[in-house]
Structure formats: structure tokens, C-alpha cells
K.L.:
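Quick one: the structure is below, and I'll ask about it shortly.
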Number of protein chains: 4
Amino acid sequence: MATPHARRGDTRRRIQDVALELFAEQGYEKTSLREIAEHLDVTKAALYYHFRTKEDILNSIVEDLASPVDELIAWATEQPRTLETKCEVLRRYADALWSAGPLFRFIQENQATVRDLSIGETFKTKLLAVHSLLKDPDAPLTDQVRSITAVFAMHAGMFAMQNLEGDPEDKRAAVLEVAQELIAQTYRGQTDTP
Amino acid sequence: MATPHARRGDTRRRIQDVALELFAEQGYEKTSLREIAEHLDVTKAALYYHFRTKEDILNSIVEDLASPVDELIAWATEQPRTLETKCEVLRRYADALWSAGPLFRFIQENQATVRDLSIGETFKTKLLAVHSLLKDPDAPLTDQVRSITAVFAMHAGMFAMQNLEGDPEDKRAAVLEVAQELIAQTYRGQTDTP
Amino acid sequence: MATPHARRGDTRRRIQDVALELFAEQGYEKTSLREIAEHLDVTKAALYYHFRTKEDILNSIVEDLASPVDELIAWATEQPRTLETKCEVLRRYADALWSAGPLFRFIQENQATVRDLSIGETFKTKLLAVHSLLKDPDAPLTDQVRSITAVFAMHAGMFAMQNLEGDPEDKRAAVLEVAQELIAQTYRGQTDTP
Amino acid sequence: MATPHARRGDTRRRIQDVALELFAEQGYEKTSLREIAEHLDVTKAALYYHFRTKEDILNSIVEDLASPVDELIAWATEQPRTLETKCEVLRRYADALWSAGPLFRFIQENQATVRDLSIGETFKTKLLAVHSLLKDPDAPLTDQVRSITAVFAMHAGMFAMQNLEGDPEDKRAAVLEVAQELIAQTYRGQTDTP
DNA sequence: TATGAATGAGAATTCATTCAT
DNA sequence: CATGAATGAATTCTCATTCAT
């Protein structure tokens with residue numbers, strides 16, 4: 001198992017790994033297949049043995065990494081739409097985001113590109129789904145904004161907080177706290193204004 | 001054929017306008033100089049008469065449009081760092097963002113690209129400056145996150161809210177309100193926990 | 001149509017051959033990659049499969065053709081610095097020059113260009129090395145000039161003599177004779193003026 | 001006369017000066033009209049007011065600087081073809097070469113380019129003319145080579161000797177001496193071997 | 001499971017040149 | 001005596017993709 005050069009059949013995964021790393025680091029357009037191939041010490045043609053197109057590499061990465069979000073959505077759909085559920089949604093969303101960090105960072109930083117790739121639609125849908133788990137369709141506009149902001153706070157949290165000093169785990173907790181607070185705010189009004 | 005080339009002297013501006021439009025719409029890399037030229041019915045070489053490089057076109061746009069942010073920073077630096085000042089900073093920042101909407105949308109959606117363009121550094125600096133107008137250096141981590149989130153809420157507000165129905169002006173006001181609320185939260189603790 | 005692309009593996013060499021031919025005939029700058037490609041009936045991109053840049057094509061040619069000069073230098077370094085050795089150096093240098101005729105003609109006629117190509121430094125070094133095999137560091141100025149002239153006579157001999165009628169082999173012999181004579185002159189003074 | 005900005009009508013000459021300087025320094029093709037214009041702080045179009053084409057600039061320089069060679073040829077044609085005359089031809093040729101140093105250096109280093117410029121023919125003709133002042137049409141091949149070498153020694157002397165230490169005037173004298181010696185050699189045989 | 005060799009389309013950029021003003 | 005604005009043709013180079021082996 002721990003053979004010297006265990007790369008045996010794992011080439012597909014290695015391509016995905018290197019590709020994601022480079023996509024996240026340099027952007028999708030600026031990462032060429034030549035570059036990916038060189039990092040792996042194979043030829044470009046080898047990439048085409050495993051994937052049909054450049055976009056396909058990206059798609060396959062998404063397929064492998066984005067399932068936690070789907071599971072989250074599936075789970076939440078069956079829960080009562082309470083504040084507590086929403087807080088749990090955020091907690092789990094944070095997990096999903098952090099566990100596939102590079103992928104989401106990539107999407108965050110390559111929106112213009114992603115938009116007309118097939119994953120663009122995919123993600124827009126998921127994002128809207130997560131958002132509708134948090135929002136109340138006929139809540140006032142300000143509350144809608146609060147729930148969107150809660151989601152975006154978490155996305156932004158992934159890269160914008162890097163400039164902030166402090167333990168990563170603490171920062172992550174803080175981001176989650178602020179996001180949950182925003183959702184909580186949404187409920188305050190309900191009791192106040194009967 | 002009406003007027004052979006009656007556009008006198010405004011070509012430079014027209015290039016900037018078209019370029020920004022296309023950059024915002026399709027992304028920087030996917031917008032070729034050929035495309036820009038065709039939209040203006042001039043040759044690529046004409047672009048090079050007015051600008052030294054593709055990047056230069058973008059730089060010139062930033063120079064022309066980003067001054068409101070600089071003015072805001074200059075103004076705020078001379079104000080007392082009170083809650084009221086901060087709310088006013090956010091209000092003015094909203095103005096700056098909205099008045100150069102396409103530019104900021106472009107930056108938001110092309111982060112990976114912008115990062116290694118000369119405007120990358122420019123903007124990172126400005127963003128940090130705005131942030132430090134809002135934050136208290138030795139505030140608890142959660143408050144730091146709140147102030148960052150306030151800024152990002154406004155950025156996100158520019159494009160993410162498009163999916164939300166409602167009058168644009170109302171949405172803008174709502175975004176500002178939520179952002180200011182986040183900053184206000186920052187002050188609540190201070191009086192509560194002496 | 002006879003053989004679709006029966007040329008197997010020799011494309012690299014064919015590129016070098018055609019390139020050198022055209023470089024020598026028209027100059028480096030005036031020879032475009034399009035032209036080289038067309039002569040070979042391949043696309044420009046094919047050239048880039050085999051070489052990284054235009055300059056690289058030239059470099060590779062030099063690497064393949066200039067070794068005789070290196071060998072000459074290596075050999076001469078281990079010989080006693082006598083008149084006879086020097087005459088042999090010239091003889092061998094003539095061989096090297098003639099065997100890679102087009103390359104040296106190219107360098108001779110494109111000095112301004114070659115100067116800021118990577119081969120510029122390479123050749124300057126080799127030329128100085130050959131020269132220092134012939135000269136005596138503390139010989140009088142006139143002798144230094146004689147030895148330089150001997151070298152240049154041979155270079156010039158390659159293209160300037162084309163206007164002269166006569167059998168090429170005879171001309172070559174004559175050039176070598178004159179060059180050796182110049183070196184011999186260098187020794188005459190030594191015995192005369194003690 | 002010594003007015004602050006005496007450039008009044010001397011623009012033409014200034015263009016020639018700058019152009020020659022850049023041509024000699026960087027080569028003809030690598031020197032663009034933009035560059036020349038920038039060095040003079042005028043627009044490219046201004047160059048076209050004074051000259052019809054890029055090549056024309058070069059032609060005009062040659063016309064202005066090459067006359068000494070013509071005079072030399074005219075003078076020599078009327079002298080007896082003796083050794084002394086030939087030595088004097090070389091002396092005067094040295095003068096001509098040195099007085100228009102940059103031009104000849106340019107030609108020397110841009111032969112491939114010059115060849116298909118109109119000055120190519122011009123110079124080839126002049127060079128052959130000078131050569132035929134020195135050679136005896138039915139001299140043995142070796143003597144023909146000697147006389148060509150004498151001429152080339154002087155050309156080479158202009159740039160190749162720069163690596164040699166020593167006073168420029170001394171070097172020039174040495175080059176001339178070697179060249180004259182080569183011509184003298186031509187005569188030795190005649191008297192020696194009757 | 002790969003590679004070697006190639007392609008076609010397109011990118012950014014540079015250049016000499018033109019011409020109305 | 002010169003400029004501002006533009007053009008057309010070319011150049012080097014890069015990329016995703018293909019396919020026989």
C-alpha cells in the first residue's frame with residue numbers, strides 16, 4: 001500500500017488535485033493544461049485520456065467536492081424552518097465551505113469565468129437553495145438582505161479574513177457567530193412588532 | 001457614413017467606456033482587444049495609440065473612477081472615530097460603490113485576475129484603508145469580523161442582490177442599513193461590559 | 001499527398017535546416033516563423049512544439065554546429081604556443097568555419113542582431129579564445145593587430161571572396177596562406193630586435 | 001546664433017544624427033521610428049515631413065557622409081597605380097572610415113539588412129572600387145586575397161580592436177601599417193621572382 | 001495508460017506609413 | 001513645420017484540442 005510510487009491508477013485524482021490547486025492560485029484562464037501536465041510530469045495528452053476537456057476537469061472536481069452542500073440542503077429541507085435549524089444550517093455550511101476551501105475560494109475569485117462555465121449554473125442554484133433555507137419569502141427587505149449577508153459573510157470569511165491576525169479556528173468561529181447573529185436579528189422583529 | 005470620423009477627441013473615453021462594459025460583462029481575460037475595437041469600429045492599433053497595453057486601459061479606468069474612494073478616506077481620516085462617523089463612512093462608501101458600479105462589479109468578479117494586475121495592489125490598499133476606518137484595532141475578534149462583514153456586505157450587495165426583487169433604491173438602502181447595524185453592534189458591547 | 005506525414009522524427013532537424021538557410025539568406029529579423037513554417041509545410045505552432053522561442057531555434061543550431069570550434073580551442077590549449085601550433089590552429093579554424101559555413105556567414109552579417117541574442121556572448125567568448133591562442137599578450141601593438149587581422153581575414157574570406165573568381169578550394173587555401181603569413185610576421189621581429 | 005534653442009531648421013540634421021546613433025547602437029530593424037522621434041521629442045509624423053521613408057533617412061545619411069570615399073576614388077583614379085599611391089589610398093581610406101565611424105560600423109554590423117536596402121548596392125560598388133584601386137587584375141590569387149584582406153582589416157579595425165587596450169590613435173596607426181604591409185607584400189614577389 | 005507530433009484559432013503587441021488640420 | 005489620430009499588415013507566441021501509435 002505504501003509503495004514507493006503508489007501512483008497507480010490515482011492519476012485521475014492527482015490531476016484533479018493539481019488542477020484545483022493551480023486554478024485556485026492563479027485563476028482558471030491563466031492556468032493552462034500544459035502547466036498542469038508539467039506539474040504532474042505527464043504530457044498534456046495524458047490529461048485528455050482522463051478528461052474530455054479542461055472544463056471537464058473542473059466539473060469533476062465540483063462533483064467530488066460539492067456533495068456536502070447537497071447533503072446539507074437535503075437535510076435542511078426536512079427540518080422545521082426554525083431559528084435553530086437555520087443556525088445549524090449555517091454551522092454545517094461553514095463545515096462544507098471549509099472542507100472544500102480551495103474550491104470555494106476558486107469560485108469566489110473567478111466569478112466572471114465561472115459564470116459561463118457549466119458549474120456556474122450549478123452553483124448559482126445551490127447558493128439560492130441555501131439562501132432560501134435561511135430566508136422567509138415574505139420577510140421585509142432588510143431581513144432578506146440580512147440573510148444574504150449571512151451567507152456572503154461566510155464566503156468572504158474564507159479569503160478576506162486572511163489579513164486578520166488570530167487563530168484560524170477562532171476566526172472561523174467568529175465568522176459563524178456573526179452570520180448566526182444576522183439570522184437571529186431576523187427573528188427579533190417578529191416578536192416586537194405584532 | 002454620415003460623419004466619416006466626426007468623433008473628435010472622445011475616442012479615448014469611448015475606449016474606456018466600451019472596455020469597462022465588456023470587462024464587467026465577460027471578464028478581463030475573455031475580453032480581447034479585437035472585440036473592444038470592433039465595438040468601436042476602429043482597428044486594434046487605434047487602441048494602442050491611446051493606451052500602451054491592455055492593462056493600461058484598465059488602469060486608466062480605475063484612475064478616473066476610483067477617486068471618490070480616496071476622497072472618502074481623506075475625509076474620514078480627519079474625523080473623530082465615532083459611531084456616527086463610521087455610519088457616514090458607510091453611507092459615502094455606498095455612494096462611491098454605486099457611482100462606479102460596473103468597475104466594482106468587475107473587480108468583485110475578477111479577483112483572481114485582478115490580483116496580479118497593477119490595480120490589485122491599489123485596491124487591496126484602499127480596501128484595507130476603508131476597513132481600518134471602521135474597525136477598532138484592539139476590538140475583540142468578533143467585532144473585527146463584524147466590520148469586515150459590513151464592508152463585504154456592501155460589495156456583495158452590488159451584484160448578489162440582483163436576484164432579489166424590489167426597487168433598486170430600496171435594496172441599496174437596506175444593504176446600507178444592515179451594514180451600519182453591524183458596526184453599531186460593535187459599540188453595544190462597550191457600554192454593556194464595562 | 002504521396003506520404004501524408006511520412007517524415008518521422010526529423011522535423012526538428014528540418015526546422016533547423018530551413019531556419020539556418022533563411023536566417024543566412026535574409027537575416028534573423030527579416031525571417032519570420034511563418035516563413036519557416038511555410039517552407040516546411042507545417043503550421044507555426046508546430047515550430048513551437050519543437051522549440052520554445054525563435055531565439056531557441058537559433059541557439060539549438062549553434063549548439064549543434066559550433067562544437068568544432070570548442071574542440072579546436074580545447075586541443076590548442078594543450079599544445080605549446082609555437083608558430084607551428086598557431087598555423088595549425090588557423091588551419092583547423094578554417095575547417096570549422098567552412099564546415100558550418102552558413103552559420104558563420106549568418107553571424108558575420110547579423111552582428112547587430114546577434115549582439116543581444118544569447119549567442120552573442122557565446123561567440124564573443126569563443127572568438128576571443130581563438131584570438132588569444134594566436135597572440136602573445138605582451139607583443140607590440142602591431143603584432144596584436146596582425147593576429148586579429150589573421151582571424152578576421154578568415155571570416156571575411158567566407159563571404160567577401162565570393163566576388164573573386166577562381167576555384168573555391170584555391171581561394172580557401174589562399175586565405176589560409178595569408179592568415180598564416182600574418183602570424184608568421186609576428187615572429188620575424190623577435191629575432192631581429194633582441 | 002547661439003540662441004537658447006538654436007534648433008531652427010536643423011531638425012533634419014538632428015534626425016539624421018539621432019537615427020545614425022540608434023542604428024549603429026541597436027541595428028536598423030530594431031530601431032523604430034517611434035524611438036527616434038521620442039529621442040528628439042517630436043512626433044513620428046514629423047519625421048515624415050523631413051523624409052519620405054525610414055530607408056530614406058538612412059540614404060540621406062549615407063549621401064552626407066560617404067562623399068570622402070567618392071573623393072578618394074576620384075583622386076586615386078588619376079594617380080599612377082604605384083605602391084606609393086596604394087599606400088596613400090589606404091591612408092585616406094582610413095581617414096574616411098574614421099571620420100564617418102558610426103556609419104561604417106553600422107554597415108559592418110548590419111550587412112544582412114543593408115544588403116536589400118538601396119545603400120547595399122551603393123556600398124558594394126564603392127567597396128569594389130576601392131579594392132580595384134589596390135589590386136592588380138592579373139595578380140596571383142594570393143595577392144588578390146592580400147589586397148582584400150587589407151581593406152577588411154581596416155573595416156574590422158573599427159570595431160574589433162575595441163577589445164584591445166591602447167591609445168586609439170596608436171591602434172589606428174597599427175591597423176594602417178598592417179594593411180599597407182599586406183599591399184607591400186604584393187610587390188615583393190614581382191621584383192624577387194622575375 | 002499513456003505519448004509525440006501536430007493543428008487552427010486567436011491573443012497582445014509593434015511597425016511603417018498616411019493624412020487632415 | 002509639425003501633430004493627432006488612425007490604419008493594415010505583420011510578428012511572436014499561447015492555448016485547447018486531436019489522433020495515430
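Per chain, numbering begins at 1; letters A, B, ... match sequence-line order. Side chains are part of it too, since the values below use all heavy atoms of this structure and drop only hydrogens, waters and symmetry mates. Computed from a predicted structure; not experimentally measured.
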K.L.:
Can a donor-acceptor pair be found, under 3.5 Å and without considering hydrogens, that links the side chain of S67(D) to the backbone of E63(D)?
P.N.:
no
K.L.:
Looking at dT21(E), which nucleotide sits across from it as a Watson-Crick or G-U wobble partner, both distances under 3.5 angstrom, or is there none?
P.N.:
dA2(F)
K.L.:
Let's see if you can work this out: which of dA2(E), dG10(E), dA10(F) has an atom nearest to the side-chain heavy atoms of K44(C)?
P.N.:
dG10(E)
K.L.:
Of R12(B) and T43(D), whose closest DNA chain F nucleotide lies nearer the 5' terminus?
P.N.:
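The residue whose closest nucleotide sits nearer the 5' end is T43(D).
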K.L.:
Does dA9(F) have a Watson-Crick or wobble mate here (both distances under 3.5 Å), and if so which one?
P.N.:
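dT14(E) - that is the nucleotide pairing with dA9(F), both distances being under 3.5 Å.
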K.L.:
For T53(D) and dA16(E), is the shortest distance between a side-chain N/O and OP1 or OP2 below 4.0 Å?
P.N.:
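For T53(D), the contact criterion (side-chain N or O under 4.0 Å from OP1 or OP2 of dA16(E)) is not met.
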K.L.:
From C-beta outward on A45(A), which listed nucleotide comes closest to its side chain: dT7(F), dT18(F), dA6(E)?
P.N.:
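The listed nucleotide nearest to A45(A)'s side chain is dT18(F).
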K.L.:
Report yes if at least one side-chain N or O of H50(A) is closer than 4.0 Å to OP1 or OP2 of dA2(E); otherwise report no.
P.N.:
yes
K.L.:
Examine dC13(F): is either OP1 or OP2 under 4.0 Å from a nitrogen or oxygen in the side chain of Y48(C)? Give yes or no.
P.N.:
yes
K.L.:
Which whole-number value in Å describes the distance from I36(C) CD1 to dA10(F) P?
P.N.:
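Atom CD1 in I36(C) sits about 17 Å away from atom P in dA10(F).
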K.L.:
Looking at R115(D) and E121(D), does any basic side-chain N land under 4.0 Å from a carboxylate oxygen?
P.N.:
no
K.L.:
Specify the separation, in whole Å, of atom CD1 of I15(D) and atom C1' of dA2(F).
P.N.:
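So the CD1-C1' distance, I15(D) to dA2(F), works out to 11 Å.
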K.L.:
Output the rounded distance in Å from CZ (F51(C)) to C1' (dT12(F)).
P.N.:
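Roughly 16 Å, once rounded to whole Å.
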K.L.:
Provide, to the nearest angstrom, the distance between the NZ atom belonging to K54(A) and the P atom belonging to dT18(F).
P.N.:
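These atoms are roughly 15 Å apart.
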K.L.:
Could you tell me whether the side chain of R12(B) reaches within less than 4.5 Å of the side chain of S60(B), counting heavy atoms only?
P.N.:
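A side-chain contact under 4.5 Å exists here.
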K.L.:
Tell me whether the guanidinium CZ or amine NZ of K54(D) lies under 6.0 angstrom from the six-membered ring centre of Y48(D) and within 45° of its axis.
P.N.:
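No, K54(D) does not sit over the ring of Y48(D).
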K.L.:
Between L47(A) (CG) and dT18(F) (P), how many Å, whole number?
P.N.:
13 Å
K.L.:
Charged N to carboxylate O under 4.0 angstrom, E35(D) versus K30(D)?
P.N.:
no
K.L.:
With a 3.5 angstrom cut-off on both distances, give the Watson-Crick or G-U wobble partner of dC15(F), or none if there isn't one.
P.N.:
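Checking every strand shown, dC15(F) finds its partner in dG8(E), with both distances under 3.5 Å.
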K.L.:
With a 4.5 Å cut-off on side-chain heavy atoms, are L58(A) and F106(A) touching?
P.N.:
yes
K.L.:
On the 0 to 90° scale, with breaks at 30° and 60°, tag the H155(C)-F104(C) ring pair as parallel, tilted or perpendicular.
P.N.:
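Judged by the thresholds at 30° and 60°, the geometry between H155(C) and F104(C) is perpendicular.
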K.L.:
Considering only heavy atoms, which members of residues 19-35 of chain B lie under 4.0 Å from some atom of DNA chain E?
P.N.:
T31(B), S32(B), L33(B), R34(B)
K.L.:
In whole angstrom, give the distance that lies between atom OH of Y49(B) and atom C1' of dT3(F).
P.N.:
8 Å
K.L.:
Give the rounded distance in Å between these two atoms: CG of L40(D) and P of dC1(F).
P.N.:
15 Å
